[in-house]
Amino acid sequence: MDPRYAGFECWVAGAGIRGMFNSKGNTIADRTPACNMGIYWDGDVLSEILNGTTIDKWDYRDAKSIRILNTADYQCRSNNGTKSNPVLSADILGDWREEVIYRTADDKELRIFSTAIPTEHKFYTLMHDPQYRLSIAWQNVGYNQPPHLSFFMGAGMNQPPKPFISFPGTAK
Ligand SMILES: [Ca+2]
Ligand SMILES: [Ca+2]
């Protein structure tokens with residue numbers, strides 16, 4: 001979320017530990033976002049924040065979240081009480097950015113949200129990564145947690161490895 005530091009950022013909720021940390025363990029911000037899961041939503045390779053029914057962009061200069069989308073504006077609700085998950089977040093359509101699925105408040109529909117923001121980055125879909133694909137399954141079989149790639153995606157990333165995937169009935 002913060003391109004000034006290599007690797008991921010982390011923080012803790014409810015343990016009396018304040019601030020955001022970089023991958024070296026150094027404090028890089030006093031404030032932290034309300035965050036349940038990450039999501040690759042806009043055009044850059046930084047992760048956005050998926051929390052409840054909302055997707056936010058972390059403004060690392062001012063250490064605050066900026067709202068991109070609130071699916072509650074489209075009659076959607078999160079699941080699982082205080083855990084507040086979507087039905088699913090996953091790269092299931094289109095390019096490598098992730099989509100997110102919610103139920104409607106009346107439980108009669110599933111609604112799929114997909115980014116409309118252009119990107120300059122051209123990657124294989126995230127579902128081409130076997131670890132990510134497995135992550136999508138584990139979201140739905142236990143205590144919901146966000147999917148993770150087997151390679152680093154973020155500022156300063158290398159080109160992702162070419163997927164080692166073949167289709168049934170084809171040689172390669
Ligand atoms: Ca992004
Ligand atoms: Ca996608």
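Numbering of ligands and ligand atoms starts at 1, following listing order.
Between Tyr102 and Tyr74, a ring centre-to-centre spacing not shorter than 6.0 Å is recorded.
Note on Asp42 versus Lys57: salt bridge recorded, some NZ/NE/NH1/NH2 to OD/OE distance being below 4.0 Å.
Counting side-chain heavy-atom gaps under 4.5 Å among Ile, Leu, Val, Met, Phe, Trp and Tyr, the cluster of Val87 also holds Phe8, Tyr40, Val45, Leu88, Ile92, Leu93, Trp96, Ile101, Leu110, Ile112, Phe123, Leu126, Met127, Tyr132, Ile136, Leu149, Phe151, Phe152, Met153, Met157.
At least one donor-acceptor pair closer than 3.5 Å links the side chain of Ser135 to the backbone N or O of His148.
Of all protein N/O/S atoms, those under 3.0 Å from the Ca ion (ligand 2) are Asp91 OD1, Leu93 O, Asp95 O, Arg97 O, Glu99 OE1, Glu99 OE2, and waters are not counted.
For residue Leu46, an N/O/S atom approaches the Ca ion (ligand 1) to within less than 3.0 Å.
For the Ca ion (ligand 1), the nearest N, O or S atom contributed by Asp44 is named OD1. Considering just the N/O/S atoms of Asp42, the one nearest the Ca ion (ligand 1) carries the name OD1.
Annotation: side chain of Lys108 is not in contact with side chain of Arg103 (no heavy-atom distance under 4.5 Å).
Shown here are the side chain to side chain donor-acceptor pair (under 3.5 Å) partners of Arg4, two or more places apart in sequence or in another chain: Asp2. With sequence neighbours left out, Asp106 forms a salt bridge (charged side-chain N to carboxylate O under 4.0 Å, His left out) with no residue at all.
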